[in-house]
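Shown next, in structure tokens, is the structure this report addresses.
Source: prediction; values computed, not measured. Values reported hereafter were calculated over all heavy atoms of this structure, with side chains retained and with hydrogens, waters and symmetry mates removed. Chain identifiers are assigned alphabetically (A, B, ...) following the order of the sequence lines, protein sequences preceding nucleic acid strands; residue numbering begins at 1 within each chain.
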Number of protein chains: 2
Amino acid sequence: MTPLEHKRPMKKADLEDRIRAVDLRPTKQRIALAELLFSDGNRHITAEKLHSEALDAGVRISLATIYNNLHQFTTAGLLREVVVDSSKSYFDTNVDPHHHFFHEQNGTLEDIHSGDLTVSNIPELPDGTEISSIDVIVRISPDNNS
Amino acid sequence: MTPLEHKRPMKKADLEDRIRAVDLRPTKQRIALAELLFSDGNRHITAEKLHSEALDAGVRISLATIYNNLHQFTTAGLLREVVVDSSKSYFDTNVDPHHHFFHEQNGTLEDIHSGDLTVSNIPELPDGTEISSIDVIVRISPDNNS
DNA sequence: TAAGCTCTTTAGAAAGATTCTAAAGTATTG
DNA sequence: CAATACTTTAGAATCTTTCTAAAGAGCTTA
């Protein structure tokens, strides 16, 4: 995270408001997940990883609840799902349009801010269709010499 | 497929050569898969779909063999894997650099030839990394009015 | 605050895709 | 043809994600 970047260490009440704002009940589990997800900058996380973070933080929560809420948050626009690996799903707390670096070595994602990469020359779309999103993944790996 | 597009209805001997060329033995199963994959223009196919096509074509082949060979062909550069859906893998017979339309409605892929779409302004890469590939997925869905 | 209703959570089962195992089969080489 | 190495296969196993149905918790009203 760069020094000037937006950051918001959220209070619990703010998190509750944020959950209420999307018409979900602020349960203990949701608040705990929201805290893990939204308290400290942008994150890219898998269900399994979020689950273990929650357990490590002392929150008793089942994996099913993790999945339920990741999907509900995504539907509500609080998260966005990123497809980079055919074996698991990543959820991104940055819901503004942007792209990603994917470190193939360790399965880690890094944001590319929207202005930093341009897609142009998009060909005519198939008839009767419209764009629902454009995803650019720049897959990177450790280079030979360094 | 457009009228002027490259097409090569391959003979069985050509397929065998192609398999030998990547140091694999031309078994009955490999030849049958190569025929389904490479005989008629570019394809985007899942393991399950290829399996059922093979069975329909009267080729006795197990799903494990499908997976084995899809991976071996991919490693050999005869196929390329496209990640668009977190629940299954697609294999593309077009191994030249290019991008994709993904029809969200029916899970279908369509090539965007390399010259038809440009990615520019790629930001500086993280230290010690190099690009291994750039994937652009233009996700499309049926539009409201048509 | 109690009742009642709805939404949530949960454990465990189930599903779906992919990989693994180890044994039987086949291509290749000499 | 024999010896060797590579392949195929059925079925089990694994992994991620979803489902089920029962118990629990938040919310509204009186």
Side-chain angles (χ1 to χ4, degrees), chain A residues 12-13 15-36 44-55 57-76 78-79 81-91 107, chain B residues 12-13 15-36 44-55 57-76 78-79 81-91 107:
Chain A
K12 204 159 165 180
L15 294 168
E16 284 200 28
D17 289 349
R18 194 151 173 185
I19 292 168
R20 279 215 178 75
V22 296
D23 289 312
L24 294 172
R25 292 180 181 175
T27 63
K28 184 184 299 251
Q29 291 84 345
R30 280 198 184 118
I31 294 167
L33 292 183
E35 194 162 8
L36 290 169
H44 303 92
I45 197 167
T46 63
E48 200 60 63
K49 185 108 195 0
L50 183 57
H51 188 215
S52 65
E53 284 192 12
L55 297 184
V59 180
R60 263 185 69 269
I61 187 170
S62 75
L63 191 53
T65 300
I66 299 279
Y67 277 103
N68 286 166
N69 283 300
L70 284 174
H71 289 141
Q72 289 164 329
F73 285 3
T74 299
T75 300
L78 263 30
L79 291 176
E81 191 174 350
V82 183
V83 179
V84 279
D85 180 323
S86 54
S87 75
K88 45 179 159 304
S89 294
Y90 286 74
F91 293 85
Chain B
K12 204 159 165 177
L15 294 167
E16 284 200 29
D17 290 349
R18 194 152 175 185
I19 291 168
R20 279 215 178 76
V22 297
D23 289 313
L24 294 172
R25 293 179 179 176
T27 62
K28 185 186 297 255
Q29 292 84 346
R30 280 200 185 116
I31 294 167
L33 292 184
E35 194 163 7
L36 290 170
H44 303 93
I45 197 168
T46 62
E48 201 61 64
K49 186 107 192 3
L50 183 57
H51 189 215
S52 65
E53 285 192 11
L55 297 184
V59 181
R60 262 186 69 268
I61 186 169
S62 75
L63 192 52
T65 299
I66 299 278
Y67 278 104
N68 285 166
N69 284 300
L70 285 174
H71 289 141
Q72 288 164 328
F73 285 4
T74 299
T75 299
L78 263 31
L79 292 176
E81 192 175 349
V82 183
V83 180
V84 279
D85 179 323
S86 53
S87 76
K88 48 178 157 305
S89 294
Y90 286 74
F91 293 85

Listed nucleotide nearest any side-chain atom of [X], set [options]:
X       : options                : value
B/Arg20 : C/dA17, C/dT28, D/dT18 : C/dT28
A/Ser89 : D/dT8, C/dT10, D/dT17  : D/dT17
A/Arg25 : D/dT9, C/dA17, C/dC7   : C/dC7
A/Arg60 : C/dT18, D/dT7, C/dA11  : C/dA11
B/Pro26 : C/dT28, C/dT9, D/dT17  : C/dT28
A/Asn69 : C/dT9, C/dT28, D/dA10  : C/dT9
B/Arg30 : C/dT10, D/dT7, D/dT18  : D/dT7

[N] [atom2] sits how many Å from [X] [atom1], rounded?
X       : N      : atom1 : atom2 : result
B/Asp85 : C/dA17 : CG    : P     : 10 Å
A/Lys49 : D/dC15 : NZ    : C1'   : 18 Å
A/His51 : D/dT17 : NE2   : C1'   : 14 Å
B/Leu70 : C/dA17 : CG    : C1'   : 13 Å
A/Ile66 : C/dA11 : CD1   : P     : 12 Å
B/Leu24 : D/dA5  : CG    : P     : 17 Å
A/Ile19 : C/dC7  : CD1   : P     : 17 Å
A/Glu48 : D/dT18 : CD    : C1'   : 14 Å

- Query: Where each residue is assigned the nucleotide of DNA chain C containing its nearest heavy atom, which of B/Lys88 and B/Lys28 is assigned the position nearer the 5′ end?
  - Reply: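 Residue closer to the 5' terminus by nearest nucleotide: B/Lys88.
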- Query: Between B/Leu63 and A/Asn68, which is nearer to the 5' end of DNA chain D once each is assigned its nearest nucleotide?
  - Reply: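 Its nucleotide being nearer the 5' end, the pick is B/Leu63.
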Answer with base, sugar-phosphate or nothing: what part of the nucleic acid does [X] contact at a heavy-atom distance below 4.0 Å?
X       : value
A/His71 : sugar-phosphate
B/Ser86 : nothing
B/Thr46 : nothing

Do the non-hydrogen side-chain atoms of [X] and [Y] ever get within less than 4.5 Å of each other?
X       : Y       : result
A/His51 : A/Thr46 : no
A/Val59 : A/Glu35 : no
B/His71 : B/Phe91 : yes

- Any donor-acceptor N/O pair, B/Tyr90 side chain to B/Gly107 backbone, under 3.5 Å: yes
- Polar contact flag, side-chain donor to acceptor under 3.5 angstrom, B/Glu81-B/Thr74: no
- Item | A/Ile66 side, atom CD1; A/Glu48 side, atom CD - distance, nearest 0.5 Å |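 Reported value, rounded in 0.5 Å steps: 9.0 Å.
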- Message: Please confirm whether the shortest side-chain N or O distance from B/Thr65 to OP1 or OP2 of D/dT8 is below 4.0 Å.
- Response: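 Result: no.
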- Message: On the nucleotide D/dA25, are OP1 or OP2 found under 4.0 Å from the side-chain N or O atoms that A/Gln29 carries?
- Response: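 Result: no.
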